[in-house]
Amino acid sequence: MKQLSGAQYPFADIEEKWRRVWREKNLYEIDLAAAKRKLYCLVMFPYPSGEKMHIGQWYNYGPADTWARLKRMQGYDVFFPIGYDAFGLPAENYAIKHGVHPAVSTKANIDFFREQLRQIGAMFDTRAELITSDPSYYKWTQWIFLKLYQNGLAYRKEAPVNWCPKCHTVLANEQAREGKCERCDTLVTRKNLVQWFFKITAYADRLLEGHNRIDWPEKTITMQKNWIGRSEGSEIVFVEEKSGLRLPVFTTRADTLFGVTYLVMAPEHHLVDKITDQARVAEVNDYKNKAQQATEIDRLSVAREKTGVFTGAYAINPINNERLPIWIADYVLASYGTGVVMAVPGHDQRDWEFSQKYNLPIREVIKPQDGVTMDLSKGAYEEFGLLINSGEFDGLDSRTAIERINAKLSEMGSGRKAVSYRLRDWLISRQRYWGAPIPMVFCDNCGEVPVPENELPIVLPEISDFRPTETGESPLARSQTFLYANCPRCKRTARRSTETMDTFVDSSWYFLRYLNPYLDSKPWDEKLVKKWLPVDFYVGGAEHAVMHLMYARFIVKCLFDMKLIDFDEPFLKLRHQGIITNNGAKISKSRGNVINPDRFIEKYGSDTFRCYLMFMGSYSDGGDWDDSGINGVARFLGRIYRLYEKHAQNVRRGVSISYGNIISSDMELRYYLNHAIVKVAADIESLDFNTAIAAMMELLNLLYKRSENGNTDDLFDFALAQYIKMLAPLAPHLAEELWSRTGNCDSVFNCRWPEHDKEALVLDKTTIAVQVNGRLRGTVEVNRSISEEELLKAAKSNEHVGKYLENKEIVREIVVPGKLVNIVVK
Ligand code: ANZ
Ligand code: ZN
């Protein structure tokens, strides 16, 4: 046995034992088909990258399990699955670093992870375990790709993409934040490659609309909204003088149309070459090459010095026929709006800076409503106001002017209302080995041809050299047997698509598969999916706000539109765990301040570790790790253990007492017990675990006082029994042990959460002992301010007291205010 410090209890034996018993009894396997009150509680599944489980994952799973256990005790059929997001860069990078094949290292890492997960003692339904790198799973990821392809939602195009020179792979916009690779922090560069995309932009409005129907943290919804970046404005057509080519611009400020003094095109805009004047081709090409190097993030930066070159071409402003020079500049992005901007240096600061540098004219067309004069030589006036120098529109306010100018342009056929989005299509192909191959072939005869569904899965070839290539060609191309396949249409030799899918495709549908991961004939069991989805409660990290959480919503909406499922939002309620810091610092390997769960579990036990994580701060804010804090929680659980050792008899009695039969004058205990029953449940429900534990500590202190005073009546015994049930979601192993010692062989997790007595919760009530001839016969609960007369009436009509008064003559009535009533009879 483990050497324990004085304050501890034999957690190692207890915890191991109960995990074994739970497993033997299949305690957490519920009958999905028969369940009556379904509740799908989901945690974000881990990617076993070779690192041990980190504290953030423990923090996700442990407390989520506490929540799930409460719901079970409240009578729900809770489905709480776990699996492994096993494909992807972290797993592959680990394999490369250690010179092991990713299939081998991933399997070993999963085994390791599984053991660590087991130590949480969570009520995971182990039958639901799935592994996304398993062909039986990715067969269906490929099937989903085909469905999207058949519905015009997957397509291929050459595009400048984010390229990580270290990982040798393309990254989605979401994975290249602040211009750096999310995985390795290397600066991302741009590269032109043919890529596969999912058309998430087609769902931009639907993704926004759905936000009204889900209970998610406001912050996360806002991040998604900003990422989608819906912007209402106008598309206004300027015509290039010589070629007659139409150059539509996107603007949110049609009211400034008279203030346009030049146009700016993105350097990579496809019409730049067509309009550029012969004399300027060299200069323009030179600038285009330079612009290629910069990332989008740099180009959008306000601090960056504006640069550009004149194309030598001119366009006509449709509202007043003015002739405007056309420039190219890298502060205009090809991928937003139309890739062309009408420059209004008087009212747009970027344009203003550009005009200063290249001596372009500034014209004031908006003045402040309050009549203040602006000095445009100092900078642009960007607010709304009243129009000036704008012909027939002079004097209108900006809002009205936008409407009128739009109307006029649309009459002329030169403009219309338009909406732009920041959201780009989801780039899903990766030039990497460790992922699900894209099920497409390219035939010289037939072009791009989808693999027939009955040929799935397209299994990853077993190649020894799986490292990425510098050219961007996928390592899958090294396998000749993989590369060449017969064209499904004409049967001639064709080449397979050699890219693999982004891992976020794998994780965008796993919650459907959990219900039956062994199903071979279809991706999911429709009946069970109809019954169990959407997910009722999802807990995971906020860092997934614009990736996984957006992609999963998108895929679910696609499947809904294909009538493959009957719901279009996957996660009804979402909550994030906060971030744990170590002495105020962010935890990271490079800082060397990683908290290793295993070490603490060994020293204090899993229940203590879990309770400490829940106690150290507000769950959604996270908290700061502190070793002395965990000692306090260890003492708390140790005190519980010792109280139950001392009162083994009481607690055995306590489990068979029913509340209604208790006669006790211990109002304080009555109040705190009932208060805790309500509070602990409510706080766990809302993930306020810290205050739930505080209430348990408070109640424990009271029980200790009673124990020390020897003041242990029926209520005390009863409270001890209820306390175990309340402890159960918080410290499952310890509670199960204490419950078994009451003589109950069934699990405490098959008990219902204790009911509370509403009356006992009213604090200004007090309980008065009622004696008959000096002996306690009952108690009445009354308002503290009750009159003596009322109190006597209540005492005499009490059912327990009544029978001692029957056929007796009352000789005296003694009232001790706030304490007792004594009725003397003859
Ligand atoms: C003229 C104008 C005048 C503008 C003015 C602003 C103020 P949001 O709100 O983010 O949608 N714009 C349009 N396409 C662009 C591109 N591809 N790259 C860089 N900038 C682009 O921004 C819309 C505004 O951003 C548009 O309205 C356009 O500048 C610029 F006083 O047009 B505006
Ligand atoms: Zn063919």
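For ligands, and for the atoms within them, numbers begin at 1 and follow the listed sequence.
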- For atom 12 (N) of ligand 1, find the nearest protein heavy atom and state the residue, atom name and distance (0.1 Å precision). Val341 CG2, 3.5 Å
- Task: Please say whether more than 12 non-hydrogen atoms of neighbouring residues, nucleotides or ligands are located less than 6.0 Å from NZ in Lys417.
- Result: no
- Tyr336 N/O under 3.5 Å from ligand 1 N/O: yes
- Item | Phe197-Trp426 aromatic ring centre distance below 6.0 Å | no
- Can you tell me which residue and heavy atom of the protein come closest to atom 26 (C) of ligand 1, and the distance to 0.1 Å? Phe250 O, 3.6 Å
- Task: Before signing off on this row, confirm whether Thr251 and ligand 1 have an N or O atom pair separated by under 3.5 Å.
- Result: yes
- Query: Taking both backbone and side-chain atoms of Thr256, is any N or O found less than 3.5 Å from an N or O belonging to ligand 1?
  - Reply: no
- Query: Hey, is ligand 1 close enough to Leu333 that some N/O pair sits below 3.5 Å?
  - Reply: yes
- Message: Classify the ring geometry of Phe393 against Phe258: parallel below 30°, tilted from 30° to 60°, perpendicular beyond 60°.
- Response: tilted
- Message: Once you restrict to heavy atoms under 4.0 Å, what part of Glu382 touches ligand 1? Side chain, backbone, both or neither.
- Response: neither
- Item | Those residues that, when tested against Asp397, pass salt bridge (charged side-chain N to carboxylate O under 4.0 Å, His left out) (two or more places apart) | none
- Only counting residues at least two apart or in another chain, list the ones meeting side-chain hydrogen bond (donor to acceptor under 3.5 Å, both in side chains) with Trp327. none
- Message: Would you call the rings of Phe504 and His548 parallel, tilted or perpendicular, taking 30° and 60° as the class edges?
- Response: parallel
- Out of Arg253, Arg350, Glu383, whose heavy atom sits nearest atom 29 (O) of ligand 1? Arg350
- Query: Going by the order shown, which atoms of ligand 1 are within less than 4.0 Å of some heavy atom of Met342?
  - Reply: 1 (C), 32 (O)
- How far is atom 22 (O) of ligand 1 from its nearest protein heavy atom, and which residue and atom name does that atom have? Arg422 NH2, 4.1 Å
